[in-house]
There are 2 protein chains.
Amino acid sequence: MADRLLPTLRDVANAAEVSVGTASKVLSGASGVSAARAQRVWDAARQLGYRRNGIAADLRRGRPSSIGFVLPDLTNQFFVDIARELENHALEHGYQLIMAHADEDPAREMERIRFVMSRQVAGMIIIPCRGYEHAIKEARECNVPLVMADRVDETFPANTVTTDSHGASRDGTAHLIALGHRRIAFLVNTLDLVNSKERADGYIDAMRRAGLDSFIQVVECGMTAAEIHASTLDVLSAAVRPTALFAAGNVTTLGALRALRDANLRLPEDISLLSFDDAPWMAVLRPYLSSIRQPVEAIGHAIWQLMLKLLSGERGEPAHLTFKAELLVRESTARVPEDVLALQRAQAAARR
Amino acid sequence: MADRLLPTLRDVANAAEVSVGTASKVLSGASGVSAARAQRVWDAARQLGYRRNGIAADLRRGRPSSIGFVLPDLTNQFFVDIARELENHALEHGYQLIMAHADEDPAREMERIRFVMSRQVAGMIIIPCRGYEHAIKEARECNVPLVMADRVDETFPANTVTTDSHGASRDGTAHLIALGHRRIAFLVNTLDLVNSKERADGYIDAMRRAGLDSFIQVVECGMTAAEIHASTLDVLSAAVRPTALFAAGNVTTLGALRALRDANLRLPEDISLLSFDDAPWMAVLRPYLSSIRQPVEAIGHAIWQLMLKLLSGERGEPAHLTFKAELLVRESTARVPEDVLALQRAQAAARR
DNA sequence: CTGTTAGCGCATTCAC
DNA sequence: GTGAATGCGCTAACAG
C-alpha cells in the first residue's frame with residue numbers, strides 16, 4: 001500500500017497471503033477457489049477498503065463494460081426520457097451507460113464522441129445535433145457498434161431508430177385542417193436537422209393534399225429560447241396572422257407559448273396550438289396542450305435491442321427501425337372561430 | 001494491426017518507422033522530437049485512423065482526466081442546470097465530466113458511485129438522493145476529492161455547496177403571510193431529504209413567528225408524480241382547505257398544479273401557489289408562477305472552484321458554502337379573497 | 001485448486 | 001533527439 005491512495009489487487013493478495021491470480025478470481029466472482037481462501041481474500045479486501053480498478057480490468061480484458069450515449073440536449077424531455085430507458089436496459093444487461101452531452105453544439109459533440117470513444121466503450125448510441133457529419137464519421141471509423149437515433153434518416157449508413165416524423169406531422173396538420181384551419185404556421189428550430197426537415201415536409205404534404213399550398217408557412221425559429229420567442233412573435237404580429245401554430249418540438253413549443261403569452265393571445269379561442277412532442281408540464285397548462293407523443297419506451301427498447309445484436313457480433317446490413325407517433329387531441333386545438341374567419345374573409349376581399 | 005479493431009500506438013510507430021516512445025511524445029504533444037519525424041508520426045496516425053486509448057493513458061499516468069458527477073434526477077431542471085454548469089467548467093479546465101444518474105434510488109446511487117469510482121476519476125461531485133448514507137460512505141472511503149451539493153447540510157464531513165433553504169423558505173412563507181394567508185399548506189416530497197427538511201423548517205419557522213402555529217400543515221407527498229398528485233388532491237378536498245400552497249420543489253410544484261387542475265381551482269383567485277425552484281415552463285403558465293430561484297450559476301461555479309482547490313492538493317477543513325435564493329413574486333400568489341376569508345370565519349364560528 | 005507469467009496500450013525514465 | 005526498457009492494475013493462460 002505504502003503511499004498509494006488506494007490499495008491494489010496485489011495489496012489484497014499479500015494481506016490474504018494468496019497470489020494475485022487467486023485474489024483476482026475471487027473478487028471477479030470466478031469459481032475455482034476454495035471457500036477458506038476466498039473468505040480470506042474477501043476479508044482482506046474489506047479491511048483494506050479495496051476497490052477494483054475498472055479501467056485496468058477493461059484494458060486487460062479487452063472487452064469494455066460500458067456503452068456510450070451522446071445526446072444533444074439535456075433540456076429536452078424527450079432525450080432525457082430516452083436516456084433513462086437506455087440506462088435501465090444497459091444496467092439490466094450488465095453494461096454501464098456513460099452519458100455525454102453535446103449541448104446542441106457540433107464542435108462539442110465531436111469532442112464528446114472522441115472522449116467517450118477514448119474510454120473504450122463497447123458500443124455507441126448517438127442522437128446527433130445539427131452539422132454532425134464530421135462527428136459521425138469519427139464515430140463510424142472507430143469500428144464499434146453504432147446505433148443512431150431520432151435525428152437521422154434511412155439514408156444513413158448505420159443502424160437507426162426513428163419516429164415516423166413525416167407521417168406524424170402530416171396527421172397533426174390534417175387534424176388542424178379538419179378543424180377548419182387554413183393559415184397554419186409551422187414553427188421549426190431548423191431545417192438542418194433531418195427529423196425537423198421531415199416534420200416540415202409532413203406538414204407541407206398535408207397542406208398540399210388539402211389544396212392549401214398558398215397558406216404554407218414554415219418558420220425556422222432557431223435553437224435557443226430567445227430566438228424562438230422572437231421568431232414566433234414575428235409570426236404573430238403579421239398583418240394577417242395564422243389561426244393555428246404547429247410547433248415542431250418540445251423546446252419550440254415552449255418558446256411559442258411564451259410568445260403567445262406576450263402577444264396576449266388566448267388558447268384556443270384566439271389561436272390553436274399543436275405540439276410535436278409531449279412533456280409533463282403540458283398537463284398543467286390551461287388549456288391542456290394537444291400534442292404528438294413519440295413512443296419513448298418503444299424507441300429506447302429498440303435502440304437497445306439493436307445494440308445488443310451488434311454487441312453479440314452480428315453485423316450485416318444496417319437496420320432502420322421506425323415507430324409511429326400518437327396524436328393526442330386535447331384542448332389547445334379547436335375550430336376556427338367564426339368571427340376570425342369572417343375577419344379574414346373581409347381582409348382578403350378588401351385586398352382584392 | 002492484424003486482427004485488432006483499432007490501431008495501437010505501436011502500429012503507428014511501426015508505420016512511421018519510429019519507436020513507440022517517440023510516437024507517444026508526438027501524439028501527446030510533448031516537445032523534443034524533430035519536425036520531420038513528428039510529421040511522419042502524424043501522417044501515419046491519420047492514415048491508420050489511430051485513436052489514442054484514453055483509459056490506458058490514464059492508467060499509466062496515474063492521474064485521471066475525468067471528474068465524476070452523480071445526480072439524482074434527470075427530470076429535475078435544477079439538477080440538469082447544475083450538470084450543464086459543471087460540464088462547462090470541467091471542459092474549460094481540461095477535465096471530462098462523467099455523469100451518472102441515480103434516478104432517486106439509493107441502491108442505484110450506490111451502484112453508480114461505484115461505477116464512476118471504478119473509472120478512476122480524479123474527483124467526485126455528488127448530489128445525493130434519499131437514504132444516501134451508505135453511498136456516501138462509499139464515496140468518502142475512496143480518498144478522492146469529494147464535493148457534495150444541494151441535498152446536504154453543514155454537518156456533513158465533506159465539502160458542501162448548498163442553497164440557504166431555510167432562509168428562502170422562510171421568506172417565501174412570509175410573503176404568503178403578508179398577503180393575508182393563514183392556512184398555508186407546505187407540500188414536500190419527503191422530510192428524509194435534508195434540504196427538504198430545511199425548507200419545511202423554514203416554513204414552520206415563519207409560521208411560528210407570525211403566531212400561526214395552529215395552521216402549520218406539512219404534507220409529505222412522495223417522490224413520484226402519482227403520489228404527489230394524490231396527496232395534493234387530498235389536501236385540497238379537506239373540509240376547510242388552505243388558501244395557499246407552498247410546493248417545496250420543482251417536481252412537487254408540477255404535481256400540485258396537476259391536482260389544482262383536477263380540483264378545478266383557479267390560480268390565484270381560488271388559491272395561491274408558491275414554488276420553491278423556478279423552471280422554464282413556469283413562464284408559460286397563466287398565471288405566471290411565483291417562485292424561488294436558486295442561483296444555479298453561482299452554485300455550479302462554487303462546486304467547481306472547490307473541486308479545483310481539492311484537485312490542486314489542498315486539503316484541510318471541509319468548506320461549507322451557502323447561497324441565497326431569490327424570491328420571484330409573480331402572479332400566482334395573491335391576497336386572500338374577502339369571500340374566502342368570510343367563509344372561513346363563518347365555518348370557524350359555526351364549529352365553535 | 002493454486003501460483004507464476006505474460007501482457008492489455010500507453011507514458012516515462014534512462015541510457016545512448 | 002531518440003529508442004529500449006519498465007511498469008500502471010489487472011486478467012487469463014498456463015504449469016504445478
Side-chain angles (χ1 to χ4, degrees), chain A residues 1-41 44-45 48-65 117-122 142-144, chain B residues 1-41 44-45 48-65 117-122 142-144:
Chain A
M1 275 208 64
D3 60 327
R4 214 170 297 99
L5 305 95
L6 247 40
T8 135
L9 184 60
R10 177 150 53 224
D11 299 322
V12 176
N14 286 344
E17 296 181 306
V18 298
S19 74
V20 274
T22 308
S24 170
K25 275 205 195 76
V26 173
L27 295 173
S28 57
S31 61
V33 178
S34 72
R37 316 199 97 189
Q39 194 52 53
R40 290 222 312 271
V41 172
L48 294 175
Y50 170 75
R51 259 104 190 145
R52 151 196 164 109
N53 183 331
I55 66 175
D58 274 6
L59 176 60
R60 175 61 239 232
R61 188 152 11 96
R63 188 168 12 94
S65 56
M117 293 307 283
S118 82
R119 290 353 257 176
Q120 305 301 108
V121 290
C142 293
N143 294 321
V144 340
Chain B
M1 269 208 67
D3 60 326
R4 214 170 298 99
L5 304 95
L6 245 42
T8 134
L9 185 61
R10 178 152 53 226
D11 299 323
V12 176
N14 285 344
E17 296 181 306
V18 299
S19 73
V20 271
T22 309
S24 170
K25 276 204 193 74
V26 173
L27 295 174
S28 56
S31 61
V33 177
S34 71
R37 317 199 98 190
Q39 193 52 52
R40 289 221 313 269
V41 173
L48 294 175
Y50 170 74
R51 260 107 189 142
R52 152 196 162 102
N53 183 330
I55 66 176
D58 274 6
L59 177 60
R60 172 64 240 232
R61 189 153 7 95
R63 188 168 12 91
S65 56
M117 294 306 299
S118 82
R119 290 353 257 176
Q120 306 300 108
V121 290
C142 292
N143 294 322
V144 342

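Chain identifiers are assigned alphabetically (A, B, ...) following the order of the sequence lines, protein sequences preceding nucleic acid strands; residue numbering begins at 1 within each chain.
Residue A:Lys25 has its side chain nearest to C:dT2 when only C:dT2, D:dT2, C:dG9 are considered. Nearest to the side-chain atoms of A:Ser28 among the listed nucleotides D:dC8, D:dC10, D:dT11 stands D:dT11. Here the side chain of A:Arg52 is nearest to one of D:dT2, C:dA11, D:dC10, namely D:dC10. Which of C:dG3, D:dC10, D:dT2 sits closest to the side chain of B:Val33 comes down to D:dT2.
If you take CG of B:Leu9 and C1' of C:dT12, they are 13 Å apart, rounded to a whole angstrom. One interatomic measurement links the two molecules: CG of A:Leu59 to P of C:dG7, which rounds to 14 Å at whole-angstrom precision. Regarding B:Asn14, its CG atom lies at a distance of 14 Å from the C1' atom of C:dG9, rounded to whole Å. Distance A:Arg61 CZ to D:dA13 C1': 16 Å, rounded to the nearest Å. In this structure, B:Asp11 atom CG and C:dG9 atom P are separated by 9 Å, rounded to whole Å.
No hydrogens or angles were tested; on distance alone, a donor-acceptor pair under 3.5 Å links the side chain of B:Arg60 to the base of D:dG7. Side-chain atoms of B:Arg37 stay outside donor-acceptor range of the base of D:dG1, with no qualifying N/O pair under 3.5 Å.
In terms of phosphate contacts, B:Ser19 brings a side-chain nitrogen or oxygen within less than 4.0 Å of OP1 or OP2 of D:dG3. A close approach under 4.0 Å does occur between a side-chain nitrogen or oxygen of B:Ser34 and OP1 or OP2 of D:dT2. Of the side-chain N and O atoms in B:Ser24, none sit less than 4.0 angstrom from OP1 or OP2 of C:dC10.
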